[in-house]
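The figures that follow rest on heavy atoms only: side chains count, while hydrogens, waters and symmetry mates do not. Residue numbers start at 1 and run along the sequence shown.
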Amino acid sequence: MKSLQSWIEQQGLRIVREESLSGGCIASAKRVVLSDGQQLFVKSVSHANERMFKAEAAGLQALSACTELSTPKVIRFDRDGLILEFIEQSPKAEDFDQVLGRQLANLHQMPAPSFGFTQNTFCGPTEQPNSQLYDGFEFYAEHRFGYLARLCYDRGLIDTEIIEGIESINKRLKQLVPDQSPALLHGDLWSGNVIANSQGKPVLIDPAVYWGWPEADLAMTDLFGGFRSDLYSAYQEVAPLHSGWKERFSLYNLWHLLNHLLLFGESYRADVMGVVAKFR
């Protein structure tokens with residue numbers, strides 16, 4: 001990240017140690033220790049979309065405005081990378097999942113002005129169209145499921161039968177999904193994007209925020225596992241879910257499965273086909 005060194009020099013500081021970090025699928029990351037003892041998390045991507053880190057910073061700042069939710073403080077960003085405060089990870093507290101469930105429920109009860117967001121955001125390197133719409137069914141049909149289905153089809157990753165199945169699902173969304181008011185979502189809420197701080201409490205990282213259906217955020221927590229059922233019990237103590245919420249998870253996760261198919265290839269095609277067969 002070219003601007004890191006110049007920014008550090010402007011502060012009258014110098015780098016005393018750098019350490020590469022593992023875990024990211026898309027970006028490279030490192031821990032940087034400065035001469036005043038400050039620790040930074042520096043994330044960068046070669047040939048990144050010029051809007052990617054601006055969008056991630058906006059997402060972190062939007063989530064942090066909800067005072068219950070912890071996120072790393074944004075220090076600086078440019079088109080090449082992002083500088084955040086470094087969060088020292090610790091073991092999860094016993095009530096980690098319950099705390100996260102209540103915090104998410106409170107987040108999802110805060111009203112949003114529409115579906116979409118103030119700008120496009122990114123799930124991995126995939127740009128998420130966030131044109132603001134008042135109709136959630138139209139938003140998900142056009143800017144989530146339909147959008148990624150077209151990208152996958154154009155790259156030969158799905159055939160005509162699958163894309164027609166997704167189009168059928170889009171036409172039936174009002175029968176498949178209960179009406180939900182828009183709320184701010186993390187957008188990519190798998191277990192790797194929720195870490196524990198030094199007190200063992202949840203910290204959200206790597207957001208792909210937008211204003212959407214709350215159930216869609218919860219669905220991602222189930223896609224790859226890693227959370228206990230306590231999360232959903234605690235969530236419902238604050239914000240009861242519509243009947244059949246667990247059965248709808250795979251429908252919402254069609255977005256993420258299509259994105260994984262787009263990014264990582266045909267190993268996710270069978271999962272996409274399974275969702276389409278279930279809901280078309």
Rounded to the nearest 0.5 Å, what's the gap from CH2 on Trp211 to CZ on Phe139? Could you check?
10.5 Å
Given Arg269, Glu164, Met273, the one that forms side chain to side chain contact (heavy atoms under 4.5 Å, CB included) with Asp159
Arg269
Of Thr221, Val194, Leu231, the residue whose pairing with Asp97 passes side chain to side chain contact (heavy atoms under 4.5 Å, CB included):
Leu231
Contact summary for Asp188 and Ala208, nearest pair of heavy atoms:
CB-CB, 4.1 Å
So Thr121 and Asn130, do their side chains get closer than 4.5 Å, heavy atoms only?
yes
Would the number of heavy atoms belonging to other residues, nucleotides or ligands and lying under 6.0 Å from CZ of Phe224 be above 12?
yes
With salt bridge (charged side-chain N to carboxylate O under 4.0 Å, His left out) as the rule and sequence neighbours excluded, what pairs involving residues 139-156 come up?
Glu142-Arg150
Check for me whether the distance between the ring centres of Tyr235 and His108 falls short of 6.0 Å.
yes
Could you please spell out the steps behind the side-chain hydrogen bond (donor to acceptor under 3.5 Å, both in side chains) verdict for Ser90 and Ser198?
CA-CA 5 Å; Ser90 298; Ser198 58; 5.5 Å; no
Taking the side chain as C-beta and beyond, is there a heavy-atom pair between Trp213 and Ser181 under 4.5 Å?
no
Whether the side chain of Ser35 engages the backbone of Arg14 through a donor-acceptor N/O pair (distance < 3.5 Å, no angle test) should be reported.
yes
What pair of heavy atoms forms the shortest contact from Leu82 to Ala57, and how long is it?
CD1-CB, 4.1 Å
Anything under 3.5 Å between a donor and an acceptor, one on a side chain of residues 236-244, the other on a protein residue two or more places apart or in another chain? List them.
from   : atom 1 : to     : atom 2 : distance (Å)
Gln236 : OE1    : Leu241 : N      : 3.2

Can you run down the salt bridge (charged side-chain N to carboxylate O under 4.0 Å, His left out) pairs that involve residues 194-207, sequence neighbours left out, and say none if there aren't any?
Lys43-Asp206, Asp95-Lys201
Check step by step if side-chain contact (heavy atoms from CB on, under 4.5 Å) holds for Ile75 and Gln38.
CA-CA 12 Å; Ile75 297 173; Gln38 184 179 179; 4.0 Å; yes
Kindly indicate whether the side chain of Pro178, heavy atoms from C-beta on, has any atom under 4.5 Å from the side chain of Glu215.
yes
For the student: nearest non-hydrogen atoms of Ala93 and Gln199, plus distance
CB-O, 4.1 Å
Please walk me through it: do Val275 and Tyr252 pass side-chain contact (heavy atoms from CB on, under 4.5 Å)?
CA-CA 10 Å; Val275 176; Tyr252 299 119; over 6 Å; no
Is there a continuous path of hydrophobic side-chain contacts, each under 4.5 Å between heavy atoms, that joins Phe145 to Leu176?
yes
Could you check whether any side-chain N or O of Ser64 sits under 3.5 Å from a backbone N or O of Gln61, counting only pairs where one atom can act as donor and the other as acceptor?
yes
If the plane angle is over 60° it's perpendicular, under 30° parallel, otherwise tilted; pick one for Phe115 and Tyr140.
perpendicular
Heavy atoms, side chains only, cut-off 4.5 Å: are Leu34 and Arg17 in contact?
no
Where at least one partner belongs to residues 127-139, residue pairs that pass salt bridge (charged side-chain N to carboxylate O under 4.0 Å, His left out), sequence neighbours excluded
Arg51-Glu127
Separation between OG of Ser28 and NZ of Lys30, rounded to the nearest 0.5 Å:
8.0 Å
Leu13-Ile83 co-clustered via ILVMFWY side chain contacts under 4.5 Å
yes
Over 12 non-hydrogen atoms of neighbours within 6.0 angstrom of NZ in Lys92
yes
Nonpolar side-chain network containing Val99, other nodes, edges under 4.5 Å
none
Linking directly or through intermediates, with side-chain heavy atoms under 4.5 Å: list the remaining ILVMFWY members grouped with Ile205, chain and number order.
Ile87, Ile195, Val203
Sorted by first residue and then second, give each salt bridge (charged side-chain N to carboxylate O under 4.0 Å, His left out) pair with at least one member in residues 100-124; sequence neighbours left out.
none
Taking every heavy atom of Arg280 against every heavy atom of Glu161, the minimum-distance pair comes out as NH1-O, 3.7 Å
For Glu9, enumerate each residue passing the side chain to side chain donor-acceptor pair (under 3.5 Å) test, keeping only those at least two apart in sequence or located in another chain.
Gln5
Are Trp7 and Val33 co-members of a hydrophobic cluster defined by side-chain heavy atoms under 4.5 Å apart?
no
Per-pair distances, 0.1 Å, donor-acceptor, side chain in residues 254-267, under 3.5 Å, sequence neighbours excluded:
from   : atom 1 : to     : atom 2 : distance (Å)
Asn259 : OD1    : Thr126 : OG1    : 2.5
Asn259 : ND2    : Cys123 : O      : 3.2
His260 : ND1    : His256 : O      : 2.8

Heavy atoms of Asp222 and Lys246 approach each other most closely as OD1-CE, 3.6 Å
Given Tyr210 and Gln128, is the side-chain hydrogen bond (donor to acceptor under 3.5 Å, both in side chains) satisfied, shown in steps?
CA-CA 9 Å; Tyr210 65 98; Gln128 299 185 137; over 6 Å; no
With no hydrogens and no angle check, is any side-chain donor or acceptor of Asp217 less than 3.5 Å from a backbone partner on Leu185?
no
Tyr153, OH atom: more than 12 neighbouring heavy atoms under 6.0 Å:
no
Using every non-hydrogen atom in the two residues, find where Leu60 and Pro72 come nearest and quote the distance to one decimal.
CD2-CD, 4.0 Å
Tell me, please, which residues at least two apart from Glu19 pass side-chain contact (heavy atoms from CB on, under 4.5 Å).
Leu21, Arg31
With sequence neighbours excluded, residues passing ring pair (Phe, Tyr, Trp, His ring centres under 6.0 Å) with Tyr232:
Trp245
Exceeds 12 heavy-atom contacts within 6.0 angstrom, atom CD of Gln10
yes
Answer yes or no: does atom CD of Glu94 have more than 12 heavy-atom neighbours from other residues, nucleotides or ligands under 6.0 Å?
no
Exactly one of Leu63, Leu107, Leu104, Val209 clears side chain to side chain contact (heavy atoms under 4.5 Å, CB included) with His186, and that residue is Leu63
Would Lys73 and Glu85 pass as an ion pair if we require N to O under 4.0 Å?
no
Could you give the distance from CG (Asn106) to CD (Gln109), rounded to the nearest 0.5 Å?
6.0 Å
Hydrophobic cluster (4.5 angstrom, side-chain heavy atoms) - remaining members for Met110
none
Within the structure provided, determine whether Val45 and Phe53 are in side-chain contact (heavy-atom separation under 4.5 Å).
yes
Measure the CZ-CG distance between Arg248 and Asn253 for me, rounded to the nearest 0.5 Å.
13.0 Å
Consider only side-chain heavy atoms of I, L, V, M, F, W and Y, link residues closer than 4.5 Å, and tell whether Val42 and Ile15 are in one cluster.
yes
Close side-chain approach of Leu223 and Trp190, heavy atoms under 4.5 Å:
no
Go through Leu84 and Leu40 one step at a time and tell me if the side-chain contact (heavy atoms from CB on, under 4.5 Å) criterion holds.
CA-CA 6 Å; Leu84 307 173; Leu40 307 176; over 6 Å; no
